[in-house]
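Atoms within each ligand, like the ligands themselves, are counted from 1 in listed order. Below, all heavy atoms of this structure are taken into account, side chains as well, without hydrogens, waters or symmetry copies.
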Amino acid sequence: MSIVVTGASGHLGRLVVESLLARGTDPARIVATARRPEVLDDLAARGVEVRRADYDDRASLEKALAGAERVLLVSGTAFGRRVAQHTAVIEAAVAAGASLVAYTSAPRASTTSLLLAAEHAATEEVLLAADVDHVLLRNAWYVENYTDQLPTYAEHGLVGATGEGRVSLALRREYAEAAAAVLVGDGHAGRTYELGGPAVTLGELAAQIGGASGREIGHTDLDVAALQQVLEGAGVPGPAAEVFADVDRGIAEGELLVPTHDLARLLGREPLAVADAVREALRA
Ligand SMILES: NC(=O)c1ccc[n+]([C@@H]2O[C@H](COP(=O)([O-])OP(=O)(O)OC[C@H]3O[C@@H](n4cnc5c(N)ncnc54)[C@H](OP(=O)(O)O)[C@@H]3O)[C@@H](O)[C@H]2O)c1
């Protein structure tokens, strides 16, 4: 039985493969796919089978998923093209006779108003209609979305538009460990997991990042239109700026707030406290 992890060249996919290995999964059972397989040479050297898969190239998907039993479809990054891309992966998984496809989605994707979630919702529909068991891993926000911005925050502070809204945060490696647990575990078929760690306001998060980094990190709360202008002024193209600013609207309205019990269940422990997660992310 092979376990296929797509997007293994990315942060999350690689961490899922690492987590599978750390759990003692036979490397020969793991297939890690990437558009440029050479970036996974280190995994190949550890016995993981590396195959080329491009979500835009159906022939590559057929070859990459051949023999797949369980598949983790890591959502892609090409906004606007992702439903077609993800559909191609799901169809290849079905054609390969896979028994389970897990998909990294967004919080409450089927009902949320978040612009960012539209492609996730559409992908979920395709997966639910497909002739294969599914697991929806609806990941809330990565801590690293914020800690990676430390140089910008040190200069300009954390600028957002979330008011007193709270966002559920966990480390990428925690979402990855949860995905690995699903890939090797039983009883997950048909389940939807709303995954996230403890929640904070961006004001609290700025203070946590400041404390952990020893830098002075201010926090400015704008309205959503003003945030979009700031993002565009910083060089983010208009449509992307709209989507990113809309994330803050969503946080303000509780759209990225999820209980921690699903993540705790899959991890077998409580997710890290935000302060600990911030420290770990800043050390990386
Ligand atoms: N929950 C959150 O906070 C959050 C934040 C950011 C993103 N996300 C979503 O979660 C996904 C995983 O996160 P991440 O941190 O691992 O992102 P990441 O590091 O940007 O990795 C994205 C992965 O998708 C792969 N990919 C993109 N287009 C592809 C294509 N046409 N064919 C095959 N592979 C393709 C990339 O391959 P290459 O290496 O070849 O580019 C990479 O492996 C992201 O792709 C995005 O959909 C979630």
Review point. Should we say atom CZ of Arg269 is surrounded by more than 12 heavy atoms from elsewhere, each under 6.0 Å from it?
Key: yes

Practice item. List every atom of ligand 1 that sits less than 4.0 Å from any heavy atom of Gln85, numbering the atoms from 1 in the order shown and giving each element. Key: 31 (N)

Check your understanding: Taking 4.0 angstrom as the limit, do Arg29 and Asp26 come out as a salt bridge?
Key -> no

Review point. Do the ring centers of His188 and Tyr193 come within less than 6.0 Å of each other?
Key: yes

Point to revise | For Asp56, the option from Arg81, Arg35, Arg82 that meets salt bridge (charged side-chain N to carboxylate O under 4.0 Å, His left out) | key: Arg81

**Study point:** Options Asn139, Thr6, Thr77, ranked by nearest heavy atom to atom 27 (C) of ligand 1, top entry
**Key:** Thr77

Review point. Charged N to carboxylate O under 4.0 angstrom, Glu49 versus Arg51?
Key: yes

Check your understanding: Of the listed options (Tyr142, Tyr175, Trp141), which comes nearest to atom 7 (C) of ligand 1 when hydrogens are ignored and any heavy atom counts?
Key -> Tyr142

Study note, to complete from the structure: The single option from Thr104, Val89, Leu127 that satisfies side-chain contact (heavy atoms from CB on, under 4.5 Å) with Leu73 is Val89

Review point. Can Arg82 be said to touch ligand 1, with heavy atoms closer than 4.0 Å?
Key: yes

Study note, to complete from the structure: Gly10 heavy atoms within 4.0 Å reach ligand 1 at atoms 16 (O), 19 (O), 21 (O), 42 (C), 43 (O)

Check your understanding: So which bit of Ala140 gets within less than 4.0 Å of ligand 1, heavy atoms only: side chain, backbone, both or neither?
Key -> backbone

Exercise for review: Return the residue, atom name and 0.1 Å-rounded distance of the protein heavy atom closest to atom 41 (O) of ligand 1.
Suggested key: Arg35 NH2, 2.8 Å

Review point. Atoms of ligand 1 less than 4.0 Å from Asn145 heavy atoms?
Key: 2 (C), 3 (O), 5 (C)

Revision key, fill the gap. Counting heavy atoms under 4.0 Å, the part of Val74 that contacts ligand 1 is side chain

Point to revise | Shared hydrophobic cluster for Leu263 and Leu272 (ILVMFWY, side-chain gaps under 4.5 Å) | key: no

Review point. Do any N/O atoms on Tyr55 end up under 3.5 angstrom from N/O atoms on ligand 1?
Key: yes

**Study point:** Proximal atoms of ligand 1 relative to Arg172 (non-hydrogen, under 4.0 Å)
**Key:** 15 (O)

Revision key, fill the gap. Gly7 heavy atoms within 4.0 Å reach ligand 1 at atoms 43 (O)

Exercise for review: Return the set of residues passing side-chain hydrogen bond (donor to acceptor under 3.5 Å, both in side chains) with Tyr55 (not counting sequence neighbours), or none when no residue passes.
Suggested key: Thr6

Check your understanding: Backbone or side chain, does any N or O of Ser75 fall under 3.5 Å from an N or O of ligand 1?
Key -> yes

Exercise for review: Treating Ile, Leu, Val, Met, Phe, Trp and Tyr as nodes and any side-chain heavy-atom pair under 4.5 angstrom as an edge, say whether Leu72 and Leu195 lie in one connected cluster.
Suggested key: yes

Review point. Tell me: protein heavy atom nearest atom 36 (C) of ligand 1, and distance?
Key: Ser9 OG, 4.0 Å

**Study point:** Hphob cluster co-occupancy, Leu282 + Leu205, side-chain heavy atoms under 4.5 angstrom
**Key:** yes

Study note, to complete from the structure: Counting from 1 in the order shown, the ligand 1 atoms closer than 4.0 Å to a non-hydrogen atom of Asp54 are 30 (C), 31 (N), 32 (N), 33 (C)

Practice item. Tell me, yes or no, whether the heavy-atom count around Glu164 atom CD, taken from other residues, nucleotides or ligands under 6.0 Å, exceeds 12. Key: no

Check your understanding: Which heavy-atom pair separates Arg14 from Val39 by the least distance, and what is that distance?
Key -> NH2-O, 3.5 Å

Study note, to complete from the structure: Counting heavy atoms under 4.0 Å, the part of Val39 that contacts ligand 1 is neither

Exercise for review: Flag atom 17 (O) of ligand 1 as yes if some protein heavy-atom distance to it falls below 4.0 Å, otherwise no.
Suggested key: no

Practice item. Please say whether Gly76 places an N or O atom under 3.5 Å from an N or O atom belonging to ligand 1. Key: yes

Review point. Quick one: which ligand 1 atoms are inside 4.0 Å of a heavy atom on Asp56?
Key: 31 (N)

Review point. Is Ala106 near ligand 1, meaning one of its heavy atoms is under 4.0 Å from it?
Key: no

Practice item. Start with the C-alpha distance between Tyr103 and His120, add both sets of side-chain angles, then the distance that settles ring pair (Phe, Tyr, Trp, His ring centres under 6.0 Å), and finish with yes or no. Key: CA-CA 9 Å; Tyr103 171 68; His120 292 296; 5.8 Å; yes

Exercise for review: Please report which non-hydrogen protein atom sits nearest to atom 19 (O) of ligand 1, along with the residue it belongs to and the distance in Å to one decimal place.
Suggested key: His11 ND1, 2.7 Å

Check your understanding: Which one holds for Ala53 and ligand 1: side chain close, backbone close, both close, or neither close, with close meaning a heavy atom under 4.0 Å?
Key -> backbone

